[in-house]
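Written below as structure tokens is the structure these notes are about.
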Amino acid sequence: MTSEQVRETFLNFFAKRDHLIIPQASLVPEYDPTLLFTNSGMAPLKPYFLGIKPPPSERLVDIQPCLRTEDLDNIGDSNHHTFFEMMGSWSIGGYGKREAVEFAWQLLTDKAEGFGFDPEQLYATVFAGNEYLPADDETVEYWTSAGLPKERVLRRPAGENLWVSGPTGPCGPCTEVLYDRGLQFACGPDCGPTCGCGRFYEIWNAGVFMQYNRTGENQYEKLPFLSVDTGAGLDRITAILQNTASNYETDLFFPIIQTIETIAEKTYGQDPSLTKAFRIIADHVRAMTFIAAEGIVPSNVERGYVLRKLIRRSLERAEELEIHGHFLGQLAEKVIERYGDIYPPLRSAKTSIIEVLMEEEKVFAQTLERGRRELEKMGADIDAFKLFDTFGLPLSFTLSEARKRGRTVNTEKFEQQMSQQQDRARSAARKESYEPEKIKTAHTGAHLLNAALRRILGVSVHQAGQKISPSRLRHDFTFDRKLTPEELKQVEELVNEQIKKDLPVKAEATTFAKAVRSGAEAMFEEKYQKVDAVTLYSIGDFSRELCGGPHAASSGQLLKFRVDKEEAVGRGIRRIYATVEG
Ligand code: SER
């Protein structure tokens, strides 16, 4: 099965069972300060589980691009990634555990409609319970009646099978499916389904049974209804179906690996000590391409820092493969070629993605070169912190250069100095996240734009992400087709009319529930659900939106609003670039 067929099989299976295919959310959840990146299919759907917002359908399905940085040290093994696509399905207060297990079993084992896995190779895990929450015995029953022998249903502790979406928020016991890839992958005679060596692939979180809202450490409130949240990594399912040794030999990854082979003039797998370097570069290049496509540029804070880190880690690994010269652009091009059909915005952003990556690559190559020269000057007593702090040389690079020269580095001292430096960086990051005064007008322009879109295209249009710079704004919204030139013109005119009216911008302290009841437009994200007091900004009677500000005092402070460009971002999500003069 090709990865394209895996996608289709998953979506069709659930669509046929009345699940609505929903648009992918942006990789950047702009209104959720608790998340740097969308990290699971359920993240953008939290308001549905909490009962704050009605879902467009009780049953949903999608394939959501996700990014996780907590697994960074595992990258290079067979199946962990920074960027990945999560195939997810949901029942929001509809069917429960029994049906979820039945669907999972059918999808996994059915040869005609599903993936046709051999049932003999499947295991499931369920929550064993703890002192706060009961064991999930029901789900054991449902697996056995679906066809899985009882001895292959394993009870696991909270750390494994109590899925939490964050320190607070919807959570519940989960049931996961493991696939036994066979004895040839066993780590030894004691190899078993829970040893984590790679023989037993966790292929599907086949149901998080969202029953609780986690309000603190070991504190759970029952949710008004039970929801089912499932998630399967596309890479992993594809690896099993294509019977590859790891995710990197699948049709999703191998074209990228092959390009690295060409650039490095080395064969992947020939020298096992280099396999990890190949894999890390392939994983990171895929991730950095998707991040750069969001308009993020390398920096020292937050998302920009993640991008910078991925680029730099790749360049360090490239040294191991003896790659000389620039290569990220060529690899990013491969990623865009591989994923462009499914994510068209990658194609439209191609030039800027490649430019951003190559620029950082150039700067970092110079950093390495300069750092090398400084290290050379230091003699026997290498000051790794100075190399890092003043010259930007990563410790791993310093260590390997020191090794080559038969010198040692005091890493303990380095760690100490680093933690002091991190404290300084944290306060700098906090400072950078404050929005400077001058973006006020662009921010107000964004509210006007959102309200204008909802008036012209309908109230089913909602904001799906946003990026604001002093005079430009990028606004993502839910809509399922390209806007006509007339519609764009109408939107632009409607905004400019409100500017001419010089409407007052008012901020009103209210509660989230009240604001929602009054019909205010809000990104129903954690930011607002968690806090008691929220600020509702209104611009005359034209726009009412929850927001953190800052805003212009009246719409007349904007001189002119211009739509520059409209394009697709993902399925069902459009993006407008606009300029605000003022
Ligand atoms: N939210 C769960 C996970 O990320 C299932 O989708 O594993």
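First listed ligand is number 1; within each ligand, the first listed atom is number 1.
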So, [X] and [Y], do they make that salt bridge, N to O below 4.0 Å?
X: Arg474; Y: Glu294; answer: yes
X: Lys350; Y: Glu337; answer: no
X: Arg317; Y: Asp283; answer: no
X: Lys16; Y: Glu113; answer: yes

Say whether Gly231, considering both its backbone and side-chain N or O atoms, lies within less than 3.5 Å of an N or O atom on ligand 1.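 There is such a contact, yes.
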
Within-cut-off N or O pair, Asp229 and ligand 1, under 3.5 Å: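 For ligand 1, there is an N or O atom that lies under 3.5 Å from one belonging to Asp229.
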
For atom OH of Tyr305, is the number of surrounding heavy atoms from other residues, nucleotides or ligands below 6.0 Å larger than 12? no

Give the numbers and elements of all ligand 1 atoms closer than 4.0 Å to a heavy atom of [X].
X: Met42; value: 1 (N)
X: Ser40; value: 4 (O)
X: Arg68; value: 4 (O)
X: Val208; value: 2 (C), 5 (C)

Please confirm whether Arg574 makes a cation-pi placement over Phe479, using NZ or CZ under 6.0 Å from the six-membered ring centre and within 45° of the ring normal. no

Protein heavy atom at shortest distance from atom 7 (O) of ligand 1: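 Here the closest protein heavy atom is Asn205 ND2, 3.0 Å.
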
